[in-house]
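Heads up: the structure comes next, in structure tokens.
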Amino acid sequence: MTDELIVNKNGAPPPLEPLIYDLGAPGRTGAILPKPDVPEADLPADLLRDDLDLPEVSEMDVVRHFLRLSQFNYAIDKGFYPLGSCTMKYNPKLNEDMARLPGFALAHPLQDPSTVQGALALMYQLQEWLAAISGLEAVSLQPAAGAQGEFAGILMIRAYHLANGEAHRTKIIVPDSAHGTNPATTAMTGLEVVEIPSDANGDVDLDKLREVCGEDVAGMMITVPNTLGVFERHIQDIVDIIHGCGGLMYMDGANMNAMLGIAKPGDLGFDVMHYNLHKTFSTPHGGGGPGSGPVAVGDKLLPFLPGPIVTIVDEGDEGEPPLYGLTMPEQSIGALKAFWGNFGMLVRAFTYISINGANGLRAVTDHAVLNANYIRSRLQGTYPMPFERICGHEFVCEGHFKDADGIHALDISKRLMDYGFHPPTNYFPLIVPEALLIEPTETETKEACDAFVEAMLAIAKEAKESPDVLHEAPHVTPVKRVDDVRAAKDLILCCRVIPDWDAEAAK
Ligand SMILES: *Cc1c(COP(=O)(O)O)cnc(C)c1O
């Protein structure tokens with residue numbers, strides 16, 4: 001019965017075996033080494049090991065091995081990837097072509113600025129565009145990730161209060177619906193996190209906010225739209241309350257694909273924000289980087305920006321391009337990243353913004369929000385939802401049913417893999433039971449959104465009629481359901497099955 005229910009539109013990946021260690025034969029080789037241009041010498045005997053049983057393989061063995069491994073993986077280039085809050089959108093290949101242009105790819109960070117004027121012009125223009133999109137004054141492209149941008153923002157807020165003789169401002173208010181990096185980065189700066197609850201609609205509880213506001217508040221950090229996918233309806237009141245007690249407002253702008261061309265954080269009253277270029281502006285991410293998390297600030301924080309930033313050092317003659325240079329702002333919190341930040345990411349984001357233009361960026365948001373609301377409204381009534389309200393670029397539903405005992409969000413996610421989809425974000429945000437955070441992004445077609453909805457609806461039916469199919473899922477992946485807890489506690493980093501391996505003895 002199980003077999004009939006298994007569907008995988010993308011086709012099942014090939015079996016896991018054999019691994020490269022089982023391939024090849026003695027003397028087989030796939031590499032032709034160039035003739036040495038130095039005299040050959042014997043290697044020092046004490047550095048040679050003969051107990052390494054390395055495979056001897058042909059080029060074909062290697063190509064097939066790595067291609068097969070790549071097919072075990074799921075990627076945005078392979079299919080729909082609705083991982084909420086992570087914005088797994090399609091990255092145009094044009095971005096890659098631009099980042100590989102030799103003038104960009106081969107520039108060395110220690111080159112004299114006079115020899116890399118094109119690269120600096122690109123960075124300058126990107127700073128200007130990001131400042132315009134934010135409605136704030138200036139931007140530093142230094143931070144290498146969203147979390148590092150947050151860290152920079154909180155350090156700037158702290159530096160501002162110290163410069164004003166207000167060292168007693170040590171508290172940062174963070175709503176319980178915040179992205180986990182918000183309290184984490186605040187704690188890393190040495191400031192104290194004060195958590196406040198959300199109300200029944202998913203907005204910040206204003207009474208609680210007023211209670212904690214006072215002389216000791218350095219600022220507030222808030223994710224917009226919040227991680228429940230909804231736009232904070234009291235944002236203006238929140239900004240007023242915090243400014244009223246002398247604090248500054250930080251906006252986590254990782255997911256600006258819900259706001260581009262519609263609202264500017266600076267107009268809403270924010271003093272500082274970060275972008276995730278590797279989400280909103282389509283630079284690739286996953287696997288740990290590289291990312292880019294530029295920070296934008298209003299006039300209060302201008303002198304504290306991390307540097308160097310790109311400035312015009314000489315306007316030059318009429319009709320000639322200006323001369324760009326690298327400058328450290330007066331009271332900068334310092335450099336956060338070697339040299340100029342992750343330059344390749346900046347080229348990709350620059351490309352994305354240029355090909356879209358202002359109208360295109362607005363359309364990005366329109367489509368991201370439309371796609372999310374389309375899927376949300378089609379799943380409403382089948383999947384429980386904590387808030388039945390219009391969402392931004394993502395929405396949260398609950399992965400359990402009154403009439404399907406023992407079905408959890410994890411079972412639904414694992415079953416989605418059988419249908420050829422990457423699961424949504426599971427169990428986040430923490431304040432929603434059995435949370436499934438779904439973000440289709442603007443790059444998906446209606447057909448892709450429909451296919452995902454049909455799979456979700458079919459799974460909801462299976463949950464009630466044949467729950468074991470869900471409990472045992474995934475059925476068609478090379479690795480079946482893993483024991484998440486054991487995998488984390490008993491980490492094995494070796495891809496080879498070693499006969500008679502004694503895990504206990506090896507510890
Ligand atoms: C992804 C994300 C972050 C963190 O960004 P990183 O680049 O992973 O450090 C912060 N806040 C929100 C809302 C995010 O979605």
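One-based numbering, in listed order, for ligands and for the atoms of each.
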Flag Gln148 as yes when one of its N or O atoms lies below 3.5 Å from any N or O atom of ligand 1, and as no otherwise. no
Exam field: side chain Asn255 to backbone Gly253, donor-acceptor pair closer than 3.5 Å: no
One residue to check: Thr227. Relative to ligand 1, which of side chain, backbone, both or neither has a non-hydrogen atom less than 4.0 Å away? neither
For atom 3 (C) of ligand 1, what's the nearest protein heavy atom and its distance? His179 CE1, 3.4 Å
Would you please indicate yes or no on a ring centroid separation below 6.0 angstrom for Tyr383 and Phe401? yes
How far is atom 6 (P) of ligand 1 from its nearest protein heavy atom, and which residue and atom is that? Gly146 N, 3.5 Å
Between Ala254 and ligand 1, does any nitrogen or oxygen pair lie at a separation below 3.5 Å? no
Lys279 N/O under 3.5 Å from ligand 1 N/O: yes
Of all heavy-atom pairs linking Tyr250 and Gly153, the shortest is CE1-CA, 3.6 Å
At a 4.0 Å threshold, what atoms of ligand 1 neighbour a non-hydrogen atom of Glu150? 10 (C), 11 (N)
Taking both backbone and side-chain atoms of Thr223, is any N or O found less than 3.5 Å from an N or O belonging to ligand 1? no
Does an N or O anywhere in Asn182 fall below 3.5 Å from an N or O of ligand 1? no
Salt bridge (charged side-chain N to carboxylate O under 4.0 Å, His left out) with Asp252: which residues, sequence neighbours excluded? none
Any idea which protein heavy atom is nearest atom 11 (N) of ligand 1, and the distance to it? Asp252 OD2, 2.5 Å
Please examine the side chains of Glu394 and Pro440, heavy atoms only from C-beta on, and report whether any two atoms are closer than 4.5 Å. no
Among Ala144, Ala178, Gly293, Ala147, whose heavy atom sits nearest atom 9 (O) of ligand 1? Ala147
Contact between Met88 and His285 at the side-chain level, heavy atoms closer than 4.5 Å - yes or no? yes
Considering all heavy atoms, the nearest Phe270-Val224 contact: CZ-CG2, 4.1 Å
Measure the distance from atom 5 (O) of ligand 1 to every protein heavy atom, then report the residue, atom name and distance (to 0.1 Å) of the closest one. Asn276 ND2, 3.1 Å
Determine, step by step, whether Asp411 and Arg481 satisfy the side chain to side chain contact (heavy atoms under 4.5 Å, CB included) criterion, reporting the C-alpha distance in whole Å, the side-chain angles of both residues, the deciding distance to 0.1 Å, and the verdict. CA-CA 10 Å; Asp411 302 312; Arg481 189 173 298 209; 3.1 Å; yes
What do you reckon, does His274 have a nitrogen or oxygen under 3.5 Å from a nitrogen or oxygen of ligand 1? no
With a heavy-atom distance limit of 4.0 Å, tell me whether Thr87 approaches ligand 1 through its side chain, its backbone, both, or neither. neither
Ala145: numbered ligand 1 atoms lying under 4.0 Å from its heavy atoms: 7 (O), 9 (O)
Check against side chain to side chain contact (heavy atoms under 4.5 Å, CB included), Ile133 and Met256: CA-CA 10 Å; Ile133 292 168; Met256 279 293 283; 4.1 Å; yes
For the pair Arg376 and Asn373, evaluate side chain to side chain donor-acceptor pair (under 3.5 Å) and give the outcome as yes or no after the intermediate values. CA-CA 5 Å; Arg376 183 184 62 78; Asn373 279 290; 3.1 Å; yes
